[in-house]
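Have a look at the structure below before the remarks.
For clarity, every value in this text was computed on a predicted model and none was experimentally measured. Counting starts at 1 for both ligands and their atoms, in listed order.
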Amino acid sequence: MATVIAPQRTAGYMRARGNTADVIAGSWDRCIRDYGLDPAQIDLDVVSPSTLSAHRDELGEVVSIARAEMENLAAQISGSGYALLLTDAEGVILYNRVEQSLRTSFRAAGLWDGADWSEGSQGTNGIGTCIFEQQPLTVHCTDHFASRNTTLSCSASPIRNSDGALLAVLDASSVQCEGSRAGQMHTMALVSMSARLIEKCVFLNANAQHMILRFHSRPEFVSLIHDGMVAVDEGGTIVAADDSAACQLGFDARTPLIGRAVAEVFDIDADILAERASDNAQTVWPMHEQQRGRRYFATVRTPAERGRSARVTVAPSSDSALRVSAARQHQARGFADLAGSDTTMAYNVRCARRVADRQVQIMLRGETGTGKELFARAIHAASRRSASPFVAVNCAAIPESLIESELFGYKPGAFTGARRDGMRGKILQSSGGTLFLDEIGDMPVELQTRLLRVLEEREVVPLGSETPLSVDLNVISATHADLTQRVDSGSFREDLYYRLNGITLTLPAVRERTDRQSLLRSVVALEHDGDIAVRIAEDALEALVRYNWPGNIRQMRNVLRTALALCDDLTIGMADLPAEITRAGKCSADSVDGHCNTSSPTVSTSPLDCAERAALLAALDENRWNISHTASQLGMSRNTLYRKMKKHEIPPSRQR
Ligand SMILES: Nc1ncnc2c1ncn2[C@@H]1O[C@H](COP(=O)(O)OP(=O)(O)OP(=O)(O)O)[C@@H](O)[C@H]1O
């Protein structure tokens with residue numbers, strides 16, 4: 001018998017059918033052709049309690065990891081009328097998180113433990129279609145195939161195991177079809193972030209017996225949801241990798257990474273990894289990828305049998321980039337503290353003081369961790385705006401789909417998943433004060449257009465509203481990238497670039513600063529709040545000054561914080577510093593840039609050895625510290641090169 005589709009729904013279906021690539025149209029097609037479903041005749045299948053319990057057992061600890069994250073997510077969307085659901089890969093709901101007052105309506109809609117929401121059973125729906133497509137998606141109102149489900153709006157994201165196979169689905173559903181499909185983007189982004197976080201925990205637990213390398217091109221993103229993770233066995237072979245690792249390294253899938261030696265992919269091998277692995281994996285190391293020499297930062301976690309218990313679950317307030325960014329420490333420091341005796345910093349402070357109150361938009365440039373945000377806070381504190389808020393937004397840390405609502409805010413009920421009372425965006429929150437837009441180069445182009453309009457018209461229109469609100473906006477922006485290149489490539493609007501760039505101040509990297517000693521002392525003072533002064537032993541101070549600090553002041557703070565915790569009698573010595581830094585201290589006084597130049601007092605001082613060492617360093621520099629390229633230029637194997645570097649105490653990656 002032919003499937004009958006109600007007339008008002010046929011039009012929507014036919015429109016969708018015009019686009020065969022559309023996932024909803026594809027799903028409707030399957031419902032009719034493959035599953036033989038009739039939209040008016042779809043009943044709910046519910047498994048028995050014993051079958052439900054068997055489904056839960058099969059997923060094991062994934063259920064408890066997911067439940068912990070669902071608590072966090074529920075706190076974020078509370079009051080928005082959404083239920084959170086966890087299903088297995090067959091579409092059976094294993095666990096629900098629904099507010100007490102909404103339980104009856106969700107139960108009536110079939111969004112309850114034991115119900116089967118696979119596509120073959122319920123037709124097109126968030127859970128079932130997500131399982132088929134294996135990608136995050138929203139199925140909104142009449143996108144649903146079954147007539148009985150057209151009041152639902154569901155955003156679902158797959159959860160994969162460490163081999164990439166589908167394990168479960170996390171879904172946020174509403175039983176009241178409100179707003180547009182596009183309005184679900186906010187909910188979709190939150191659900192996807194939670195699903196990624198659950199996958200991270202699953203990956204760590206599944207590979208507890210291996211070393212885990214977590215990496216990102218920016219040090220502050222290491223150990224957060226966007227970092228790449230690879231598991232490496234004792235022999236140095238990559239045994240598992242996640243999608244983010246593959247994507248950062250330029251692969252379409254994880255498979256090309258599996259089975260490869262870690263030393264083929266990065267300029268590190270199993271020995272170096274084992275040396276760097278630690279229980280808590282707090283130390284962030286620089287390393288380079290072999291193919292193009294791209295630099296990353298990484299932590300290495302010890303295998304479970306050598307470290308403490310390695311079972312991982314989601315912390316009560318999970319570590320998404322958003323939350324961490326908000327928690328960053330930025331104790332106020334005035335210009336006087338920041339300038340030091342470095343001439344570039346002194347120039348920056350002089351310029352900033354002059355323009356702070358002159359309606360000149362300041363753009364700060366500098367490598368990561370050079371103190372751009374702290375500098376922006378100092379500008380704000382020195383300006384007439386200091387009594388009003390300083391509001392910081394890191395455009396790179398917020399998923400693209402959330403930047404708009406974060407910046408411009410939204411009206412109550414602007415989209416489902418939104419807070420009931422709406423939200424004043426960061427632009428309005430900063431009115432009268434200063435809006436600090438960090439990593440402005442990562443702002444999507446459409447939002448650049450909206451920001452430009454706000455800057456020109458001094459009015460902001462929150463999402464879902466038509467009423468403009470006036471705003472007294474002062475923007476300080478920051479970037480580590482060369483924005484002129486982005487302007488040339490069309491990914492950054494030229495008019496916005498000139499609007500924001502009244503003056504550019506470039507903060508020097510630590511290795512370029514001439515006041516490294518006083519900077520170190522100032523950071524120690526900041527980290528140690530007791531009355532008694534902390535001493536730094538002479539050799540330790542020399543090593544700290546000589547090291548070239550790729551992560552700049554942020555890395556300096558981390559190293560000194562650990563050293564302060566480890567040191568005896570409030571004296572930081574060589575033993576309290578990481579090996580990378582003490583190696584720098586062993587170099588001769590004429591070393592350059594924190595790595596040894598031609599000789600090392602701890603190894604042979606024979607002229608032949610010194611010459612070999614100098615030749616190795618020159619070749620490594622020439623090849624941007626790419627081990628494969630250097631080895632092939634010198635006509636030796638990578639292993640021989642590593643052995644020689646070890647002999648001459650040359651660290652495996654240049655600390656840039
Ligand atoms: N002069 C300073 N003295 C002491 N600590 C500092 C100084 N400058 C920066 N810091 C600290 O270094 C860390 C990094 O600073 P900040 O976040 O301002 O750098 P950033 O350049 O904005 O980094 P990113 O580009 O990665 O966002 C912070 O913890 C900050 O408090």
Side-chain angles (χ1 to χ4, degrees), residues 216-224 226-227 282 284 286 295-297 321-322 324-349 352 362-382 390-398 434-443 475-483 504-529 534 536 544 549-564:
H216 197 277
S217 56
R218 294 181 52 93
E220 67 273 30
F221 287 176
V222 177
S223 298
L224 299 182
H226 300 298
D227 72 359
Q282 292 298 315
V284 177
R295 191 180 68 179
Y296 292 96
F297 294 87
L322 276 174
V324 167
S325 148
R328 272 162 49 173
Q329 300 169 37
H330 281 292
Q331 292 99 323
R333 307 219 88 196
F335 277 142
D337 296 322
L338 296 181
S341 59
D342 180 77
T343 40
T344 312
M345 281 306 283
Y347 167 82
N348 286 337
V349 167
I362 301 174
M363 185 174 277
L364 300 175
R365 272 201 70 184
E367 289 177 15
T368 180
T370 45
K372 296 184 289 297
E373 179 165 343
L374 212 63
F375 197 84
R377 285 178 186 273
I379 298 171
H380 171 76
F390 175 93
V391 177
V393 178
N394 187 325
C395 303
I398 306 177
T434 303
L435 178 67
F436 175 62
L437 292 177
D438 201 359
E439 295 312 342
I440 183 79
D442 287 348
M443 181 176 281
V475 176
I476 299 178
S477 52
T479 173
H480 70 282
D482 180 359
L483 278 193
T504 294
L505 301 176
T506 303
L507 303 197
V510 169
R511 66 178 175 281
E512 294 159 353
R513 289 182 67 150
T514 49
D515 61 346
R516 285 201 291 259
Q517 266 204 30
S518 52
L519 185 62
L520 280 161
R521 292 191 198 286
S522 135
V523 171
V524 169
L526 204 68
E527 289 299 327
H528 173 71
D529 39 37
V534 176
I536 306 179
L544 288 164
W549 301 105
N552 293 300
I553 309 178
R554 179 179 293 108
Q555 186 192 11
M556 191 181 265
R557 282 193 74 168
N558 285 339
V559 166
L560 291 172
R561 187 176 306 143
T562 310
L564 274 166

Using 0.5 Å steps for rounding, measure from the CG atom of N348 to the CG atom of L364. 8.0 Å

Under 3.5 Å between some N or O of ligand 1 and some N or O of T368? yes

Which atoms of ligand 1 sit under 4.0 Å from any heavy atom of V523? 4 (C)

Going by heavy atoms, is G366 under 4.0 Å from ligand 1? no

With the side chain counted from C-beta on, respond yes when I476 and K372 share a heavy-atom pair under 4.5 Å apart, and no when they do not. no

Would you say that T514 contacts P508 through its side chain, given a criterion of any heavy-atom pair below 4.5 Å between the two side chains? no

So, regarding L519 and ligand 1 (criterion: nitrogen or oxygen to nitrogen or oxygen, under 3.5 Å), is there a contact or not? no

Under a heavy-atom criterion of less than 4.0 Å, does H480 contact ligand 1? no

Given H380, which of F375, F390, F436 fulfils the side-chain contact (heavy atoms from CB on, under 4.5 Å) condition? F390

The answer for which part of D438 has a heavy atom under 4.0 Å from ligand 1 is side chain

State the CG-OG1 distance between D515 and T343, to the nearest 0.5 angstrom. 8.5 Å

